[in-house]
Amino acid sequence: MKKSIAKYNPSEIEPKWREVWEKEGTYKPDLESSDKPFYNLMMFPYPSAEGLHAGNMYAFTGADIYGRFKRMQGFSVFEPIGLDGFGIHSENYALKIGKHPMEQAKISEKNFYRLLHETGNSYDWSRTVETYDPKYYKWTQWIFTQMFKKGLAVRKKSPVNFCPSCKTVLADEQVITKIKNQRSKIKDGKEELDGEKVGVCERCETIVEKKNLEQWFFKITDYAERLLNNIPELNWSEIVKIAQTNWIGKSEGMSIEFKIQNSKFKIEVFTTRPDTLFGATFLVLAPEHEIVASLLESRIKNQESRIGEIREYAEKAKKKSDLERQAEGKEKTGVFSGLYAVNPVNNEQIPVWIADYVLASYGTGAIMAVPAHDLRDFEFAKKYNLGIKPVIRDLEEKNKNELAEAYSGDGEIMNSQDWNGWKYPQDKEKVFKWLEEKKIGQKKAHYHLRDWLISRQRYWGPPIPIIYCRKCWEVKSEKLKVKSEQGKDYKLIDNEEWAIVPVPEKDLPVELPYIENYKPIGTGKSPLATHPEFYNVKCPNCGGDAVRETDVSDTFLDSAWYFLRYLATDWDDMPFPSVKFAQNLKLKTKNLKEIENSALRVAWLPVHMYIGGAEHSVLHLLYSRFMTMFLHDLGLISFEEPFSRFFAHGLLIKEGAKMSKSKGNVIIPDAYIKKFGADTMRCYLMFLGQFSQGGDFYDTGIEGMNRFLKRIWVLAQNVNLSEKEEDKEVLRVLHKTIKGITGDIEKLSYNTSLAKLMEFYNFISDKKTIGKDVLEDFLKLLAPFAPYLSEELFQLFLKSKIKNQKSKMNTNKQLNNKTAKFNSIHLQKWPEFDPKFLVQDKVTIVVQVNGRVRDNFKFQTSNLKLKKNVEEEAKKSEKVKAYLEGKKIIKIIYVEGKIINFVIS
RNA sequence: GCCGAGGUGGCGGAAUGGUAUACGCGGUAGUCUCAAAAACUACUGGUCGCAAGACCAUAAGGGUUCGACUCCCUUCCUCGGCACCA
């Protein structure tokens, strides 16, 4: 018997091991020479001033467990962390508390890193990244200049949300939908709220206006097809792949040209249903369409009488916000243009209308309206009394009332000359071919994906590294060819008479200046626009007076490439690791092929495992993919896809409700860590449910997890350890547990892993003596979940054993860190199960009669193969006999080692 | 409306088509204690029954199967995202 034992005291154990791990470099892989590398990445957090959020800890713990598991499996694991600190949240928080964002960032950073330390994750703290560090955003800006040089950064007019009361530009997420003129109506016996949707400012509830500003965009749409085509190859959570596919939203159809009668003008429309072309009874143009502009400018003859009405309609439509224009159930409005177009398949004259239900931003900004088969066109035709001509017959409901509503389903083509009798969608290709041969239409694809808006009219972000030069423009306008660094022409801003000059690499970063008044100003410009000392600059090209761009870039740009920065060794050199690593390897070449062959680069990238929230399924992941493709195309990295595997975790909620400050139900991990220790908190968070599904946090539940860890503590101190485990049953259960947990962690099914650890504990808890190996394996299985407790117990009770068995553990240690002296449990070899221990002498066979369980019995495994033996044994059962009495057995189904089922009459 | 994820005890949640409810929380009873807490032990889906046991339960309804939480069809509900996308 052992003497009275010390209490389990995490607040003593946890800081102690944290210090040892840090000092010993336990989690610091040698990036230059490791040969089984595993890059385990988690989405870096936005460092909120309130500190680490429970949702952060939930995500990071889940990611860390996987990293620790891989490390123990013999991989050299690189697990970095950083902060995504630029952006609107930090800026707004700074405004709220009246502290400058630059100062607040430093405070938040310190606090956040301290809390991250406590969670017990196996980070390499020698390589952190903060996006607001000028050394970091130097390269964010550099990427921008490269985008510009490749023609992928362009300026376009684009509407922004503007709050006339706050006098500031709002991000989409700052605009909330409100119902104006709310009224209730009864639908199917249920009360429903109804009304007109409007977008209002989240702070003052003023209705948000649209303001058209000249802004920078990245042409991600140029990459749409590649981004789409790579998706099937990715080892990503299926839900994310679907979300990305839908976001890119490729729709295949045809572009068809309609000539305008008595005029040289043409209207190009895009349609996914060319099979309904014979049913097109009118065309509709978006109010922004160029034909509308031509009408207003009287460039189209004989239409002058209609200009007034059209102008009035177009002006009104343009002022409407998207929300207003797209409000569901809103009655459609439009105006006749006075023009007629010719349907190219049957030469029918059809009227051309202008209506705001057609969007300028999608397709060609013009549609062919087929009211018989499109709901929106149908509504419009009804209202303005336009022709409706059915061309698809619904084969299932032949005698349906005609024209009661639009029919958009499958069917047979009719009223369409040559095509009559063809089927939709089966004969879609035939229609495409027919139209292409007659040169009426062209196959075309359209994408839902839009270009990436980079400009932010704010302060807290990296300044866009662009200079506008008047003099260079004048030179250009004199038809002199101005060459950039790359030998390409400068692009000009149309109508503005400024040449665009990217800031040369040697002048980067363009540092964000410390300015007192960083509040948004009422003009829709960045606060930097009020600081001449910032924007006045000499042109790097001609040396003349020039001005800087004063907008800053989107935070999504900061986070689109950060995973590359972690690997780079030198802040001043280019952070894209293939090049840098190749140089480190003393490769005498920058030739891409040779770099590609470098074992190091191939090994560390792309990221092996990326873990993060499903809420980033679309934007962040898509932007990162785009960025990686772009850097690949620049020849800097040799892979196109940044993340080999991506796992989306679920959302952590509190007692059935989403956590939010207004509800006052936000979980502060700090408080729980203080009370129970990080190990308990980690395990509890992971026990709540499937990591992929999220979990529901209950305060009472965490006590149970704390009890479990305490019990392990007590058991380890009380149980007698024998050199060798003799009990076959103990070994069987141990190996079953090893098998189960190993499989579960690989699937990131942590809640079931913990349940299996508990089951194993329950199984050995009443034993007086167990083998050292059994305790060791148990602690190793626990180690990824409770890194502190497992280390403490391992060092306390198994250290002596380690000294005698050098060969077993040192292989992993060498792999992870050649210089590490300390034999941490976290560098030990992950237990492997041996199938020979899983064999049982006797198994339970369940007896069913007609599929219903009636009895069970133990049976020698050596006799399992013979159905007859099992059958005889089953028939001996009194319970079963009663059911079989006087009945005829039709069939006997036997599943080896599991079940025998008598099917009776 | 569209896309996606779900619906299993009082609660969080387990179940390669093969004993539904593992594991944990909560609850009840007990041990220990002057008492309480902690810890430990036992029980804990529902109905009927003294019991043995029987029957009913995985949102609802149908189907496939010897056997369905699991596969198929229909409907309902909850959550997340997108939305006049041609």
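Quick note on labels: first sequence line is chain A, next is B, and so on, each numbered from 1. Hydrogens, waters and symmetry mates play no part in the numbers below; they use all other heavy atoms, side chains included.
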Q) Once you round it to whole Å, what is the distance between P of B:G24 and CG of A:L709? A) 13 Å
**Q.** A:I367, nearest nucleotide to its side chain (from B:U19, B:A86, B:G24)
**A.** B:A86
Q. Taking atom C1' of B:A22 as reference, at what distance in whole Å does atom CD of A:Q690 sit?
A. 13 Å
Q: Determine the contact category for A:T364: base if any of its heavy atoms lies under 4.0 Å from a base atom, sugar-phosphate if only primed atoms, P, OP1 or OP2 are that close, otherwise nothing.
A: nothing
Q.
For a quick test of reading the model: is some side-chain N or O of A:Y362 closer than 4.0 Å to OP1 or OP2 of B:A86?
A. yes
Q) Roughly how many Å is it from CD in A:E268 to C1' in B:A86, rounded to a whole number? A) 13 Å
Q | Opposite nucleotide pairing with B:C71, Watson-Crick or G-U, both atom distances under 3.5 Å | A | B:G63
Q. OP1 or OP2 of B:C40 less than 4.0 angstrom from a side-chain nitrogen or oxygen of A:R711, does that happen here?
A. yes
Q. If you check the A:R707 side chain, which of B:G24, B:A86, B:A39 turns out closest?
A. B:A39
Q. Checking all strands, does A:Q693 fall into the base, sugar-phosphate, or nothing category for heavy-atom contacts under 4.0 angstrom?
A. sugar-phosphate
**Q.** d(CZ, A:F763; P, B:A22) in whole Å
**A.** 19 Å
Q) Taking N and O atoms by type only, does the side chain of A:Q848 place a donor or acceptor under 3.5 Å from a partner on the base of B:G18? A) yes
Q: State whether A:K898 places a side-chain N or O below 4.0 Å from either non-bridging phosphate oxygen (OP1 or OP2) of B:G18.
A: no
Q | Between B:C2 (P) and A:L375 (CG): distance, integer Å | A | 12 Å
